[in-house]
Asks: 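Here it is, the structure in full.
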Amino acid sequence: MIRRLGRFLLWLTAIWFALTLSIVFLLRWLDPPTSSFMVRARLGAWHADDTAFRFQHQWVDESRISSNLKLAVIASEDQLFAAHWGFDVKSINKALEERQRGKRVRGASTLSQQVAKNLFLWPGQSWVRKGIESYFTVLIEAMWPKQRILEVYLNVVEFGKGIYGAEAAAQRFFRKSAARLSAPDAALLAAVLPNPIRLKAAAPSRYVRSRQQWILRQMRSLGGPSYLQRLEQESQSTTH
């Protein structure tokens, strides 16, 4: 009985690894139609009979997303994006030290980790969820070029209640396409990413405005468009 159970668990584990590897591999080229966070939000609104909930999402290729927004989210969320392999060890160590001191901890997740979480997982801080997130992060970094990671992130990240992806956010808040977002527009969208439900791009608080200005300075510090050009060259070199 125990031996049969062991074989069953072994086969179940092998199937899970094969399935997750295949999905991540295919998503290098296939655009995901939704994400676990989108599904969760829509089911939650349906279950709560939230008639005010309005879901907005439209996939656009990275060529149709403003370079300003690409640079803004990197400046805001993951300034070592081009250099790391999925994890910002320095930021993780800093976050752990701050937690030990009892301070409020700002997330140390990279864009790659956030893609893994948004696509496949659920909100929370458990070690089990973090472990699965790390597994998917390793797969994503191993199989996708950086440009693809950034493209998927900008299409699945939440910018406000029910507003997912760059195109939906650009249309909702600025009445323009994601391709036409200016640097201030992009910085404002990036400013709400730590908490897009509490922080609002439509009615930015003083804190959001101060983050917007900080992000604009960080965008210039990164080198502006030249940073994205280097990222594109590095991504192309990994695909040949």
Side-chain angles (χ1 to χ4, degrees), residues 23 27 30-66 68-78 106-107 109-126 129 132-133 136 140 148-209 211-212 215:
I23 290 172
L27 288 178
L30 301 179
D31 300 332
T34 188
S35 71
S36 66
F37 271 47
M38 292 184 211
V39 171
R40 184 177 180 274
R42 299 181 80 173
L43 288 176
W46 174 78
H47 185 264
D49 196 23
D50 184 357
T51 56
F53 180 80
R54 181 183 172 194
F55 177 78
Q56 292 176 267
H57 174 248
Q58 179 184 345
W59 183 279
V60 288
D61 294 337
E62 64 94 20
S63 61
R64 294 169 57 196
I65 300 175
S66 167
N68 290 316
L69 186 57
K70 297 173 188 175
L71 193 61
V73 297
I74 292 171
S76 171
E77 298 292 296
D78 187 3
R106 169 78 166 93
S109 294
T110 63
L111 294 183
S112 307
Q113 288 174 279
Q114 291 183 54
V115 168
K117 178 181 70 176
N118 277 272
L119 275 183
F120 303 113
L121 302 173
W122 61 92
Q125 296 295 327
S126 71
R129 195 200 65 81
I132 300 173
E133 177 190 296
F136 276 109
I140 287 169
R148 178 59 172 171
I149 296 171
L150 185 58
E151 179 183 40
V152 174
Y153 175 82
L154 287 171
N155 274 286
V156 302
V157 68
E158 185 178 17
F159 287 101
K161 186 176 180 180
I163 305 166
Y164 293 87
E167 185 67 19
Q171 296 288 353
R172 179 70 175 271
F173 299 124
F174 304 108
R175 299 291 186 266
K176 63 176 72 170
S177 68
R180 296 179 55 236
L181 290 170
S182 66
D185 295 339
L188 181 59
L189 289 179
V192 306
L193 288 177
N195 191 334
I197 303 302
R198 184 174 63 86
L199 306 176
K200 301 183 184 300
S205 63
R206 182 179 299 179
Y207 171 73
V208 170
R209 286 296 186 190
R211 272 189 58 79
Q212 179 192 28
I215 291 168

Asks: Determine the minimum heavy-atom distance between P196 and F159, stating which atoms define it.
Replies: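 Nearest heavy atoms, P196 then F159: CB-C, 3.6 Å.
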Asks: How long is the span from the CD atom in Q212 to the CG atom in L189, to the nearest 0.5 Å?
Replies: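 Between atom CD of Q212 and atom CG of L189 there are 9.5 Å.
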Asks: Looking only at heavy atoms, which two atoms of K70 and L154 are closest? And how far apart?
Replies: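 In terms of heavy atoms, the two residues are closest at CG-CD1, 3.7 Å.
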Asks: Looking at every heavy atom in both I140 and I149, which two are closest together, and how far apart are they?
Replies: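 So the two residues come closest at CG2-CG1, 3.7 Å.
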Asks: Please examine the side chains of L119 and L27, heavy atoms only from C-beta on, and report whether any two atoms are closer than 4.5 Å.
Replies: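 Yes. Closest side-chain heavy atoms under 4.5 Å.
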Asks: I'd like to check I74 versus Y153 (side-chain heavy atoms, cut-off strictly below 4.5 Å). Are they in contact?
Replies: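 In short, these two side chains do not touch, never coming nearer than 4.5 Å.
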Asks: List in chain and number order the residues that pass side chain to side chain donor-acceptor pair (under 3.5 Å) with D78, two or more places apart in sequence or in another chain; answer none if no residue qualifies.
Replies: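 For D78 the side chain to side chain donor-acceptor pair (under 3.5 Å) partners, ignoring immediate neighbours, are H84.
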Asks: Tell me the side-chain hydrogen bond (donor to acceptor under 3.5 Å, both in side chains) pairs involving residues 157-166, sequence neighbours left out?
Replies: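 Every side-chain hydrogen bond (donor to acceptor under 3.5 Å, both in side chains) pair that includes a residue of residues 157-166, provided the two are not neighbours, is D50-K161.
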Asks: Dump the intermediate steps for salt bridge (Lys or Arg N to Asp or Glu O under 4.0 Å) on E167 and R64, then the final yes or no.
Replies: CA-CA 9 Å; E167 185 67 19; R64 294 169 57 196; 5.3 Å; no
Asks: Between atom OG of S205 and atom CZ of R198, what is the distance when rounded to the nearest 0.5 Å?
Replies: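 Here the rounded value is 7.5 Å.
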Asks: Over all heavy atoms of both residues, which pair between A191 and V208 is shortest? Give the atoms and the distance, please.
Replies: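 Taking A191 first and V208 second, the nearest heavy atoms are CB-O, 3.8 Å.
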Asks: What's the spacing between Q114 CD and L193 CG if we round to 0.5 Å?
Replies: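 Q114 atom CD to L193 atom CG measures 7.5 Å (nearest 0.5 Å).
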Asks: Over 60° means perpendicular and under 30° means parallel, so tell me whether H57 and F55 are parallel, tilted or perpendicular.
Replies: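 Ring orientation, 0 to 90° scale: tilted.
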Asks: Check S76 against R211 and note the closest heavy-atom contact, atom names and distance.
Replies: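 Scanning both residues, the minimum pair turns out to be OG-NH2, 2.9 Å.
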Asks: Let me confirm one number: the CD-CD1 distance from E77 to I215, rounded to the nearest 0.5 Å.
Replies: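 These two atoms lie 7.5 Å from each other.
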Asks: Which heavy atom of K200 sits nearest to which heavy atom of V192, and what is that distance?
Replies: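 Shortest heavy-atom separation between K200 and V192 comes out as C-CG1, 3.9 Å.
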Asks: Just how far is it from atom OG of S35 to atom CZ of F37, taken to the nearest 0.5 Å?
Replies: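 Here the interatomic distance stands at 7.5 Å.
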Asks: In terms of heavy-atom contacts, does CZ of R129 have more than 12 from other residues, nucleotides or ligands at under 6.0 Å?
Replies: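 Yes, because the 6.0 Å sphere around CZ of R129 holds more than 12 heavy atoms from other groups.
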Asks: Which value, rounded to the nearest 0.5 Å, describes the distance between E133 atom CD and F136 atom CZ?
Replies: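 The CZ atom of F136 is 11.0 Å from CD of E133, to the nearest 0.5 Å.
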